[in-house]
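Notes follow the structure.
Nothing here was measured: the structure is a model prediction, and the numbers come from that model. Numbers for residues simply follow the sequence, beginning at 1.
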Amino acid sequence: MTSSTLLEVLNLHASHASENSSIAATLNCWNGSQKTYFPVSYPSLSKRAFAFGAELIAQKESHNRSGDSAASMAGNVVMIACHSPYATLVAFYGAISIGAIPMIFPMPLSLGSHEALSERIKHWGFGFDEPAMLVLEEGLTEKFHDDIPTEIKTVRLSDDPSGDWQELESPAADHQPEPGDIAFFQTTSSSTGDHKAVSISHGNIIANVYGIKSAAQMADDERMATWLPLFHDMGLVGAVLFSFCNNYPLFIMTPTQFVKRPALWLKAMHQHQCTIATAPNFGFDYCSRLVSEKDVAELDLSHVKHLFIGAEPIRVSTVQAFLAKFKRCGIDPIVIRPAYGLAESTIITSITPHKQVAEFICLDADSIGIGEPIKVLDRMRFDNNEAMLGYDPSQSMAICTAGKAIDDMLIEIVDENGDNVNGEGIAGEIAITGTSVAMGYVAERKDGLVDRFPDGRLKTGDMGAIVDGQLYILERIKNLIIRNGENYLVSALEEQLAEILDISHEHIAVFETDIHNPGSDIVVLVERHAPIEDQDIDALLVAMPKEAFPINRMLLSRSREIPRTTSGKKRHFYCRKLYKNNEIKFQQDLEISPQRIMQALNRISDQN
């Protein structure tokens, strides 16, 4: 099927004469208690969404008591805070069907607290010309529900796909979006109070989901299995919308269900002949460690053709362990497809070429710097188990290929001034343009909805290089730390720590010691600060906000130690180089951890 907007896809599904739940076009939701998938055909799902769109209109008119017309929902924001993937998607597609703009929020477990979700609801609920609506699940009472302001209209929705659902044959509003119109807002998953969202157009979605299919040379009869959260672009666009727009059956479970039993994901591929799956490095590593030998012996994964891996640095040990464990199940190295993308490019920017075994290049870490040629010491293909097993991270830095740009996307490497870097093998910031680049960030003001990217070009904040025509992600220039699937905004951490230490945030740098190792230390470098007396350390630890818990060490230096650009901006990625080479001059090294903070709390409590 070929469409130019997501609403056209919904209408196309709804117009299909067949209403059966055949495997040809279904959303299949895992029911943990019954241990089976419940199928909902895409035609039925679309018509249920149309009916829920009508409910949104009716609820808004009732709330306003102003007799607004149905068209009044166009451009209104609909926040979605549901655990169930099914309820989330009915609400999402329902909002799309009437021209509203959906936003899917992480639930308290993902955010870390009910208060964090309440704060997001209030922020976005009052962030536009009129209060947003909020969709919740029926029959659930949660702590954050008590904090919802009365001005925000809430609408309840069943999470049971097997229930008696009302359906409409067509959308409840006469709304026909253009490809350039806003489809939805993709919220970031930052855990540090940052309220950033990306505006995704209908054209962005269509270009990306069809571009992925074309670049990967997929057939028309693929099937997909996923556990990824729908508040994340990898789950919403990379799995759900990709399957929906390409008419692929999708077998979906929640992240919690996957974490409790990762074999469920692989069993879905086995039992339902799924050919596509996608996950971050964490997902593949988790399966390698926790899927039992008994489950492995029962799996046949020989039909799997595309295992996409991305969203976080890809580790040699992860690829080696996954292939070693599941090779007997029929997993071939050629099916593991590294990819690069971000919410600002809808999801996928590049993937490895079809039927080409991906590889790592091993670099001299000291050669990595903007505008500098990288030094390739060795290469390791995914099908070379011996090389991967013998890889020594102390001798080189292994960087995984991210492949080539998908259709209608352009990847360029630029220097610190934004000028293109000529030639292969030169490191610089990755800049992308093309049909999948999002409209921009949702504006923090009411005179416009989108702060657009200048000239439609996105400077990603990631450092990369082109080697043999393929992209390699070398470093993270942008100040973002990813840990256990959560994003921590470095600037927010630095400001919070500056307040605690009573020092300017300009003298604080927070950085990961190794972005390719999710278990590496997160360090705070504080310059121009005297050592802290022993009796004051407990008070400092107790004052640490929970957002700082990922921090492992604090280095205090009397001198000016943070590397900077000529314009005075902190160069966090160079802190890693200095740290690795033991070139940071500090007078005090403090261990910071939740355990130490708890010990400090207990000591202070005993003193009182």
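Between Asp300 and Lys267 there is no salt bridge, since no side-chain nitrogen of the basic residue lies less than 4.0 Å from a carboxylate oxygen of the acidic one. Ion pairing of Lys213 with Asp220 is present here, as a side-chain N (NZ or NE/NH1/NH2) and a carboxylate O approach within less than 4.0 Å.
Just one residue in the list Leu230, Leu228, Asp159 forms a side chain to side chain contact (heavy atoms under 4.5 Å, CB included) with Pro85, and that residue is Leu230.
Applying the 6.0 Å contact sphere to CD of Glu386 captures no more than 12 heavy atoms from other residues, nucleotides or ligands.
No side-chain donor-acceptor contact under 3.5 Å links Asp160 and Ser158. Side chain to side chain, Glu222 and Asn246 fail the donor-acceptor criterion of an N or O pair below 3.5 Å. For the 3.5 Å distance criterion, the side chains of Glu512 and Ser520 fail to qualify, holding no donor opposite an acceptor. Inspection of the Asp295 and Ser292 side chains reveals an N or O donor paired with an N or O acceptor under 3.5 Å.
Judged purely by atom type and a 3.5 angstrom limit, Glu344 has no side-chain atom pairing as donor or acceptor with the backbone of Thr460. Between the Tyr286 side chain and the Val259 main chain, a donor and an acceptor come within less than 3.5 Å of each other.
Between His306 and Phe308, the ring planes lie parallel to each other; the angle is under 30°, not in the 30° to 60° tilted range.
Within the 4.5 Å cutoff, side-chain heavy atoms of Phe185 are placed close to those of Val77.
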